[in-house]
Undergrad: 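Please see the structure below; I have some questions.
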Amino acid sequence: MATLFNSTGNNFGAGQIAFKSHQEENFVVLNAKFKYDPTNAAYQAADVLEIYVPDLSIDRSAIAGVIMRFSDVRDSYGYTWDNSGGTVLKSWVKDKNTLCIEKLTNFDEKGEITIYILALYTMLARGGNPIKGTKVRLTTSQETQYLRWSSDTFFVEFEHWIFLHMQFGSCTYAYRDSPWECNLDNLPSGITADLPFCGGGNQYNPSVDGISEAHIENGVFTCQTRTAGFEDTGHDPFIFAFLVRDN
């Protein structure tokens, strides 16, 4: 079942971090979103970002990916040019009370950084019976069908959590710059999360793709704005997340 807890501290000057989790003997699913300031002295002194938490069900884990996102919004001739972006960072459970995230300083000059933890951490050096889920195509609907998703948009459902993958297909031109909303008709219940929407070209930060933010709540997907290069060819935007279900 879903467990809510707060961090007990960290070594990089961030505030208290709220987590949603599902924990079993040989893995944990953790969901959190938080921000930190790269100018903070504690952050600058840290080699690895450490978040201190109440006892987890596992002692250490394999590496899992988390998403970092920076904001880079520019105004030019009356047009807002969003070049926000980010990348994947390594993270792992160091011990039952410490979650680690690799420190990447490449974008510290961008200001406040957002981290999305939507990850499954598997226990190291412990065997266990594998669990098997079924891949289910995610069906969507809208009153006006302007938003289309690729056939590789699916979820895998478990009792207390899901794995979600959404692959953007296309959007009707007239709605390209509008807020997006669509119903996720067969998404399992109990899913509420802010999600990094990864992909799209990034003219001013060419070492990374753009990252926008979407939200899922009560079976509805929303995305208020996208980065400027969102529909660039060859930068297919996607969502990839392990999500805890609310009780």
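Please read all numbers here as calculations on a predicted model, not as lab measurements.
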Undergrad: How about Tyr79: does its OH atom have over 12 heavy atoms from other parts shown lying under 6.0 Å from it?
TA: yes
Undergrad: State whether the side chain of Ser57 and the backbone N or O of Glu25 hold a donor-acceptor pair below 3.5 Å, judged by distance alone.
TA: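 No, the answer is negative, given that no donor and acceptor are paired below the 3.5 Å cut-off.
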Undergrad: Would the number of heavy atoms belonging to other residues, nucleotides or ligands and lying under 6.0 Å from CG of Asn247 be above 12?
TA: yes
Undergrad: For the residue pair Ser151 and Arg137, confirm or rule out a side-chain donor-acceptor distance under 3.5 Å.
TA: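 No, no side-chain donor-acceptor contact under 3.5 Å.
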Undergrad: Between the main-chain N or O of Pro206 and the side-chain N or O of Asn202, is there a donor-acceptor pair closer than 3.5 Å?
TA: no
Undergrad: In terms of side-chain geometry, is the basic nitrogen of Arg69 or Glu213 positioned less than 4.0 Å from the acidic oxygen of its partner?
TA: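 So Arg69 does not pair with Glu213 through a salt bridge.
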Undergrad: Between Phe240 and Phe163, is the ring centre distance below 6.0 Å?
TA: yes
Undergrad: So, the side chain of Asp232 versus the backbone of His235: is there a donor-acceptor pair under 3.5 Å, distance only?
TA: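 No, because the side chain of Asp232 does not come within donor-acceptor range (under 3.5 Å) of the backbone of His235.
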Undergrad: Are Ser178 and Tyr146 linked by a side-chain donor-acceptor pair shorter than 3.5 Å?
TA: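 Ser178 vs Tyr146: no donor-acceptor pair found between side chains.
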Undergrad: Scan the side chains in residues 100-107 for donor-acceptor partners under 3.5 Å anywhere in the protein, sequence neighbours excluded, and list what turns up.
TA:
| unit_1 | atom_1 | unit_2 | atom_2 | d |
| --- | --- | --- | --- | --- |
| Glu102 | OE2 | Lys90 | N | 2.8 |
| Lys103 | NZ | Tyr43 | O | 2.7 |
| Lys103 | NZ | Gln44 | O | 3.3 |
| Lys103 | NZ | Ala46 | O | 2.8 |

Undergrad: Can you tell if the side chain of Trp161 reaches within under 4.5 Å of the side chain of Leu120, non-hydrogen atoms only?
TA: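 Answer yes - side chains close enough.
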Undergrad: So Arg60 and Lys94, do their side chains get closer than 4.5 Å, heavy atoms only?
TA: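 They are not in side-chain contact.
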Undergrad: Would a 4.5 Å heavy-atom cut-off, applied to side chains only, mark Thr144 and Thr172 as touching?
TA: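 A side-chain contact is absent here, since even the closest heavy-atom pair is not under 4.5 Å.
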Undergrad: Is any side-chain heavy atom of Trp149 less than 4.5 Å from a side-chain heavy atom of Met166?
TA: yes
Undergrad: For the backbone of Tyr175 and the side chain of Trp180, can you confirm whether one donor and one acceptor N or O come within less than 3.5 Å of each other?
TA: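 Flag set: sc Trp180 to bb Tyr175 pair under 3.5 Å.
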Undergrad: Just checking, is any N or O donor in the side chain of Ser84 or Asp72 under 3.5 Å from an acceptor N or O on the other one?
TA: no
Undergrad: Indicate yes or no: at least one non-hydrogen side-chain atom of Asn83 is less than 4.5 angstrom from one of Val73.
TA: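 The answer is no, as the side chains (C-beta and beyond) never meet within the 4.5 Å cut-off.
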Undergrad: For the CD atom of Glu181 and the CG atom of Leu147, what is their distance to the nearest 0.5 Å?
TA: 11.0 Å
Undergrad: Which ILVMFWY residues are connected to Val220, directly or by a chain of links, through side-chain heavy atoms under 4.5 Å apart?
TA: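 None, because no other hydrophobic side chain comes under 4.5 Å of this residue.
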Undergrad: Where do Lys35 and Ile115 land on the side-chain contact (heavy atoms from CB on, under 4.5 Å) test, with the steps shown first?
TA: CA-CA 6 Å; Lys35 301 176 186 291; Ile115 299 288; over 6 Å; no
Undergrad: Start with the C-alpha distance between Phe168 and Phe230, add both sets of side-chain angles, then the distance that settles ring-ring contact (aromatic ring centres under 6.0 Å, His included), and finish with yes or no.
TA: CA-CA 10 Å; Phe168 173 72; Phe230 187 83; 5.0 Å; yes
Undergrad: Report yes if some heavy atom in the side chain of Cys198 is under 4.5 Å from a heavy atom in the side chain of Ile67; otherwise report no.
TA: yes
Undergrad: For Gln145, is the CD atom crowded, meaning more than 12 foreign heavy atoms sit under 6.0 Å from it?
TA: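 Counting other residues, nucleotides and ligands, CD of Gln145 exceeds 12 neighbours.
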Undergrad: Between Glu157 and Arg245, is the closest basic N to carboxylate O distance under 4.0 Å?
TA: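 Glu157 and Arg245: salt-bridged.
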Undergrad: Side chains of Thr39 and Asp37: is there a donor and an acceptor less than 3.5 Å apart?
TA: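 Note: Thr39 and Asp37 side chains meet the donor-acceptor criterion.
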Undergrad: Should Arg74 and Asp82 count as an ion pair when the cut-off is N to O under 4.0 Å?
TA: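 Looking at Arg74 and Asp82, the cut-off is not met.
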Undergrad: Tell me if a side-chain donor or acceptor on His215 pairs with a main-chain N or O of Ala193 at a distance below 3.5 Å.
TA: yes
